[in-house]
Amino acid sequence: MSKHHRNRSWAPAPQPLPEDATVIDDHTHVASVVPFAREMNRQAHERGQADVPVFSVDELLNKAKDSGVEGIIDVGCELPHLQTAIEMALQHPDSVHAAVAIHPNEAVLHGHRGVPGPDGLPVKYQPWHDASFEEAFAKVGELAKAYPRQVVAIGETGMDLFRTGEAAIDMQREAFRAHIALAKELNLPMQIHDRDAHQEVVETLLRDGAPERTVFHSYSGDAEMAEIARRHGWYLSFSGTVSYKGNDGIRESLRIVGLDHAMVETDAPYLSPMPFRGRTNAPYMIPYTLGAMADAVDLPVAEVARATRRTTRAVYGI
Ligand SMILES: [Zn+2]
């Protein structure tokens with residue numbers, strides 16, 4: 001779809017989940033939805049399109065509740081966002097939980113000013129990247145220990161060979177291993193970001209020993225990968241991508257691990273489910289993704305919703 005024709009407005013609210021089938025969005029970046037919507041609104045104005053409301057975090061949480069999303073795990077995975085996620089959890093103790101980590105794409109930026117990216121150009125560098133990875137990662141451990149009631153997971157960590165290129169592979173692997181060790185030390189679940197790195201991620205997990213509760217966030221693997229996850233008792237969290245036409249492998253993976261190892265997430269502001277792919281994502285859109293999951297396993301949406309809720313309780317204790 002060309003930029004010109006892009007629809008910047010919010011997707012309509014879905015049919016709410018039944019009251020006895022509310023769920024948790026186990027991986028989202030609600031703090032990032034606000035500036036994202038502001039940018040959508042700016043673009044809409046530029047094109048003479050209708051206003052796009054810029055909802056506050058509180059409004060986004062209320063919209064989520066109206067859809068049957070009773071809670072979220074907000075993920076802070078850039079150094080300045082760690083505290084943001086924890087603050088949100090402190091302000092909304094009943095509905096917001098935090099996950100913290102240094103994202104694999106961030107891990108390679110810290111203390112490495114000017115390291116060329118895959119295209120040979122300098123990587124995107126922000127002031128907070130002056131801190132070394134060790135310093136940034138120390139903050140993750142410090143906050144997870146200081147806020148044990150708020151921080152329910154270490155994540156997202158893992159490997160991303162899509163943007164970073166082979167040169168950064170060692171740096172990412174070492175960062176991933178540090179997070180694995182921390183999750184085990186604190187006995188916390190770990191959320192994995194795995195983009196074009198299935199083999200690397202699995203090998204690293206098996207070599208070091210995976211945390212007892214290991215979750216592949218926005219799962220993107222195939223049936224073969226799901227068999228490996230099933231064998232090791234790893235969990236898969238499904239985003240809007242489970243609804244995309246070409247992703248039969250993701251839907252097959254859900255059938256392979258079964259509902260007791262499946263969860264649902266938005267990864268907002270990206271990865272909106274069909275038929276609203278490309279729109280701004282937010283936790284209120286979870287029922288669309290649950291609909292796609294329900295189709296994949298041929299069960300009612302409410303049953304799938306309740307199963308993911310049980311799984312979030314088993315994994316995160318929430
Ligand atoms: Zn994410």
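Each ligand, and each atom within it, is numbered from 1 in the order the structure gives.
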Would you be so kind as to tabulate the donor-acceptor pairs closer than 3.5 Å made by side chains of residues 285-305, with sequence neighbours excluded?
| residue | atom | partner | partner atom | Å |
| --- | --- | --- | --- | --- |
| Tyr288 | OH | Pro12 | O | 2.6 |

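- For a distance bound of 2.8 Å, the N, O or S atoms of His217 include none lying that close to the Zn ion (ligand 1).
- Paired with Ser95 under the rule side chain to side chain contact (heavy atoms under 4.5 Å, CB included), one option of Lys65, Met88, Glu70 passes, and it is Lys65.
- Annotation for Val242 and Arg251: closest pair O-NH1, 2.8 Å, computed over non-hydrogen atoms.
- Counting only distance, with no hydrogens or angles, the side chain of Arg177 and the backbone of Asp208 share no donor-acceptor pair below 3.5 Å.
- Restricting His27 to its N, O or S atoms, the one at the least distance from the Zn ion (ligand 1) is NE2.
- Centred on the Zn ion (ligand 1), the angle running from Glu156 (OE2) to His29 (NE2) is recorded as 90°, rounding to 10°.
- The Zn ion (ligand 1) sits nearest to atom OD1 when only the N, O or S atoms of Asp267 are considered.
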